[in-house]
Amino acid sequence: MKRRLALALSTSVVLGTLAVPGTAFADAGPTALRVSGHEHRLGHLFVDDLKADSEVTGISAAVHPQGDDAAVGTVQNFQLASGDQRTGDWITTDEVRLPAAGQYAVDLVVEEADGDRTTLRNAGTYDYTAKRYFAEFGVDRPNPTIEEMKITAGGRLLEWQPVTHERRPVADSSVSIDNGSYTERVTTDADGRFSDWFIADQRPAQVRARHQSVFSETVQVTPKGVPARLRLDKAEHSGRYGAPVTISGTVEYETGGTWKPAHYADVTLVDAKGAYGGGGASTRDDGRFSFDTTFPAVGSVRRLEVTYGGWFSNKPSLPVTFRTTATSGFGGFTAELGLFSDLTVSGWLDVNGATPPYRDIDIQVSKNGKDGWTKLKTIRTTSSVFLATFPAPASGHYRAVYSGSATIAPSTSPVIRASRTETRIAAYKVTPTVVRKGGQLTATGTLQHRVGTVWKAYGAQPVRLYYTPKSRPKESYFIAQVKTAANGTFKKAYKERGDGTYFVKFQDPDATHIGSPAAKVVVDVK
């Protein structure tokens, strides 16, 4: 059974191939991706991806000028190059020689084990023209080390001639060598040879040559790592959060049983998650490195890691211990004395480099603001802001003090003076102290204020009289208000209210005074 099938072609182009479209005349039978001259084995015909219903038992080809069916050459010595006899690539064992250079059409005849014999007309094109190519391309050191980084790449540029199949050197021609990092241009010598050297990169690289549209095979250059180690001048550091600290040490590699300094290795400080931890440097020629960073927050974990691409077979690392003391400081501290000697303090305590809760704040008082400090009140809070009111002396210097902890530094607020003039009611009397029911009582006394160390009269001020029943000691009732005379004295008569305590207070001071304590007298009503 004989069939004529057209060649099914893809859109990809192989060097030396000119794809020629055809027309299918049958629904089944052998197909080939293309037939052409082989890309590297110049002078050989190549059948790419030949597929058949049964095993291929024989292949022959007729080569003829395009547009002319008269064959100028026949080929029968095909052998399997890859795949199998149902789906595989085929190549001629011998070079195909033609009487003249040019572009030739190829008819392919495929014989199968099931007896089918199929002719693929114009299955492809044999580009039988001169072709340039690279030979002997390679590098002298495909696995460089940190001590042998210099690599020389080179080869020959040749031109294959049709008819004679002679291979001639291409002299005085430009060749580019790409080493994976940059490209260098060189010129071939009289024998077509070229070469160039470069320093290998620390990462694997693909090296190849190019001449116009012709490329060499690609050579892989992969560094061969050597053992390395990291040594720190100091592995533990103590200081306050945010303070500067210098990290330094040495990176070395081992070769032939000897440790040598590694230059240009990258040293980086990382955190517990491997992210950048605040510093790094590259080693100098002597293998030394040094960089500045700052103390991290309390409890932070840091490691020093060394990387040098493929030059090291390991990744040296060491922990760096920071014994950090967090910092603290007061802000907005105020201290204000109220109308009745009640001190209100407020402000905030900032702690940097540690996590709350952390705050017990002492309010201290001193007479002169320099020494003799005593604790007046401890304020406990779980936030940075504090506000509290409590009894205090009429005059004093106040400050807030944070004692700190094992990991937080103590701090003290600025000193604030808070003062008001003290007042008192002297010589307070209620007469009589024993009175008949419905009887008259008279309250007398003197309002004074302290001027320096002396108590003086405080005139023209209102004082208020109150009564607390004996039977209800938690209740108080207003009786009357009276203004003091110029000498601070006052006198007021009123009817008894019953058994109990009769007291008087100065409770409307101005901005510079404080109210007086209550003066009390017990009266018995018969």
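Index from 1, following the sequence.
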- Indicate, with yes or no, if the rings of Tyr458 and His513 have centres closer together than 6.0 Å. yes

- Polar contact flag, side-chain donor to acceptor under 3.5 angstrom, Arg208-Thr218: no

- Query: Tell me, do Asp233 and Ser248 make a side-chain contact under 4.5 Å, heavy atoms counted?
  - Reply: yes

- Task: Can you measure from CG (Leu157) to CD (Glu136) and round to the nearest 0.5 angstrom?
- Result: 11.5 Å

- Query: Quick one: does Arg229's side chain get under 4.5 Å of Trp259's, heavy atoms only?
  - Reply: yes

- Indicate, with yes or no, if the rings of Tyr398 and Phe333 have centres closer together than 6.0 Å. no

- Side-chain donor-acceptor pair under 3.5 Å between Thr412 and Arg399, yes or no? no

- Ring centres under 6.0 angstrom apart (Tyr241, Phe295): no

- Between Phe134 and Phe194, what is the ring plane arrangement, given parallel below 30°, perpendicular above 60°, and tilted in between? perpendicular

- Note on the structure: Which of Asn179, Asp201, Ile151 passes side chain to side chain contact (heavy atoms under 4.5 Å, CB included) with Val221? Answer is Ile151

- Query: Is it the case that Thr389 and Thr344 place a side-chain donor and acceptor less than 3.5 Å from each other?
  - Reply: yes

- Message: Does the plane of the ring in Tyr308 sit parallel, tilted or perpendicular to the ring in Trp311? Use 30° and 60° as the thresholds.
- Response: perpendicular

- Query: Hey, would you say the Tyr502 and Tyr428 ring centroids sit under 6.0 Å apart?
  - Reply: no

- Message: Give me the atom names and distance for the closest heavy-atom approach of Ala326 to Gly353.
- Response: CB-C, 3.7 Å

